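In what follows, a structure is listed as structure tokens, so that the remarks can point back to it.
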Amino acid sequence: MSHAYFRTQRNSGADGEELVPLPWSGSGWGEGHMRGLAVSGALARATEHTVTALGRPELLPARWTLDMFRPARMQPCVASVTVVRESKRLCLVDAVLSQDGHPVARASALFLSPSESPAGAVWSGGAQPEPPPSDTAMAADQDRLYYSEGIGWGDPARAQHSGRKQVWHRAVPVVEGEQITPFQFAAGVADVMNVVSNLGADGLEFINPDVTLALVRLPRSMELGFAATDRVERDGISVGSAVVFDREGVFGTATVCGLANAQRAVDLQAFWTNGNQPGASR
């Protein structure tokens, strides 16, 4: 099985490209469903290609918001991009992922021009989560480790409880044969926030229709983590937040909304035991 989410094929559309999902795109929510990491990665790739084509290499992605309003299927899809606004200091880009001519997800990316920070001191939360030791074993067919307070880093079978979570993820190429970029990696893996926020004692009982990632820099390597900082829940709706970190420290935040989906809960312990991808968040 190719360790990538998609392969490309030519089509007759305006962009001339379709993304064909590979098995790695499969979701734990149901047979034939595409996972959110693949959806987000596909849109991030299209967005980044557009900004590159504008000739704006100085811009940095500061905010990524993904809305998944229809189930994406394991079928060919097309990403279309619109530049909403480009100026000296920013570029705002919208992207839509469509299947069979119908949109299934959309994203908005805000790229900003870096400058020099002011000298005045401003409060910071100061969260400093610790990444796993560099020699921590990760199964060859898995892409993440889970951390639970009092337990440490390990596989999902040890993380299915009510405690606060962290997840450490390594990169998966968006398209087979292409080198993934730091932005595609960060934006794609942001969908794992659903697991960070909503994995509990009875598995993953919330599905996420969105995720928002805000960054002050890109990851320094092809591994990063999310550490939960807060979560609130009422009437079947949850909201979770986390900091984003790598081996050089915290470089962003993420938030996710969740909808109760207990009737189709994902049991990570069973996933791990059966050799499937653990905890696909959509």
Side-chain angles (χ1 to χ4, degrees), residues 3 5 35-38 40-41 44 60-64 66 124-174 180-200 204 206 208 210-231 239-256 258 268 271-272 277-282:
H3 200 113
Y5 294 134
R35 66 197 308 196
L37 282 79
S40 192
L60 293 177
R63 192 261 301 148
W64 174 255
L66 172 71
S124 174
Q128 294 295 329
E130 289 290 329
S134 57
D135 60 352
T136 304
M138 187 181 294
D141 60 346
Q142 309 298 337
D143 300 303
R144 67 182 72 151
L145 294 168
Y146 295 74
Y147 177 89
S148 302
E149 294 172 340
I151 297 176
W153 291 101
D155 61 54
R158 304 172 63 195
Q160 193 159 301
H161 54 73
S162 62
R164 185 161 57 165
K165 309 292 190 307
Q166 297 181 30
V167 168
W168 185 255
H169 221 287
R170 63 186 176 193
V172 176
V174 177
I180 189 172
T181 68
F183 172 58
Q184 292 173 23
F185 170 40
V189 80
D191 185 67
V192 81
M193 265 296 296
N194 191 39
V195 177
V196 176
S197 176
N198 291 312
L199 178 61
L204 191 59
F206 286 77
N208 62 306
D210 87 325
V211 65
T212 295
L213 178 72
L215 304 173
V216 296
R217 64 167 172 84
L218 290 169
R220 305 294 194 201
S221 64
M222 289 296 134
E223 53 180 4
L224 60 80
F226 294 84
T229 53
D230 205 353
R231 182 182 187 275
V239 178
S241 60
V243 292
V244 190
F245 65 103
D246 59 14
R247 296 195 182 278
E248 295 188 25
V250 171
F251 63 97
T253 62
T255 60
V256 66
L268 267 68
F271 251 59
W272 182 266
Q277 274 289 304
S281 58
R282 187 168 180 82

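As the structure is a prediction and not an experimental result, all values here were calculated from the model.
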Worksheet item: Does some side-chain heavy atom of Q166 sit less than 4.5 Å from a side-chain heavy atom of W153?
Response: yes
Discussion item. Between T229 and S241 (side chain of the first, backbone of the second, donor and acceptor by atom type, cut-off under 3.5 Å), is there such a pair?
Written reply: yes
Worksheet item: Can you name the side-chain hydrogen bond (donor to acceptor under 3.5 Å, both in side chains) partners of T253, sequence neighbours left out?
Response: none
Worksheet item: Checking S197 side chain against N194 main chain: does a donor-acceptor pair fall under 3.5 Å?
Response: no
Item to complete: Please answer whether the main-chain N or O of D143 pairs with a side-chain N or O of H169 as donor and acceptor at a distance below 3.5 Å.
Response: yes
Item to complete: State which residues pass side-chain hydrogen bond (donor to acceptor under 3.5 Å, both in side chains) with E130; sequence neighbours excluded, sorted by chain then number.
Response: none
Item to complete: Please identify each residue that fulfils side-chain hydrogen bond (donor to acceptor under 3.5 Å, both in side chains) with E149, with sequence neighbours left out.
Response: R164
Discussion item. Tell me the closest heavy-atom pair linking W168 and F245, and the distance in Å.
Written reply: CZ3-CE1, 3.6 Å
Fill in: Sequence-distant partners of F185, ring-ring contact (aromatic ring centres under 6.0 Å, His included), two or more places apart
none
Worksheet entry | Approximate separation, where rounding is to 0.5 Å, of L224 CG and L215 CG | 9.0 Å
Worksheet item: For V239, which residues count as a side-chain contact (heavy atoms from CB on, under 4.5 Å) partner, sequence neighbours excluded?
Response: V232, C257
Item to complete: Can you sort out the partners of S221 under side-chain contact (heavy atoms from CB on, under 4.5 Å), two or more places apart, ordered by chain and number?
Response: E223
Worksheet, complete the sentence: Across all chains, not counting sequence neighbours, the ring-ring contact (aromatic ring centres under 6.0 Å, His included) partners of F183 are W64, F111
Item to complete: Would you please name every residue forming a salt bridge (Lys or Arg N to Asp or Glu O under 4.0 Å) with R220, sequence neighbours left out?
Response: E248
Worksheet item: Hey, is the main chain of G225 close enough, under 3.5 Å, to the side chain of R144 for a donor-acceptor pair?
Response: no
Fill in: Gap between atom CG of L145 and atom CZ of R158 - 0.5 Å precision
10.5 Å
Discussion item. So, using side-chain hydrogen bond (donor to acceptor under 3.5 Å, both in side chains) as the criterion, who are the partners of D210 when residues are at least two apart?
Written reply: none
Worksheet item: For P182, what residues pass the side-chain contact (heavy atoms from CB on, under 4.5 Å) criterion, not counting sequence neighbours?
Response: L218, P219, M222
Worksheet entry | Backbone of G249 reached by a side-chain donor or acceptor of D246 within 3.5 Å | yes
Item to complete: Would you check if D191 and N208 make a side-chain contact, meaning some heavy-atom pair closer than 4.5 Å?
Response: yes
Worksheet item: For the side chain of S148 and the backbone of I151, is there at least one donor-acceptor N/O pair under 3.5 Å apart?
Response: no
Practice prompt. For K165 and L199, indicate whether the former's side chain and the latter's backbone hold a donor-acceptor pair under 3.5 Å.
Written response: yes
Worksheet item: To the nearest 0.5 Å, what is the distance between OG1 (T255) and CE (M193)?
Response: 6.5 Å
Discussion item. List the residues meeting side-chain contact (heavy atoms from CB on, under 4.5 Å) with P173, not counting sequence neighbours, and say none if there are none.
Written reply: H3, A4
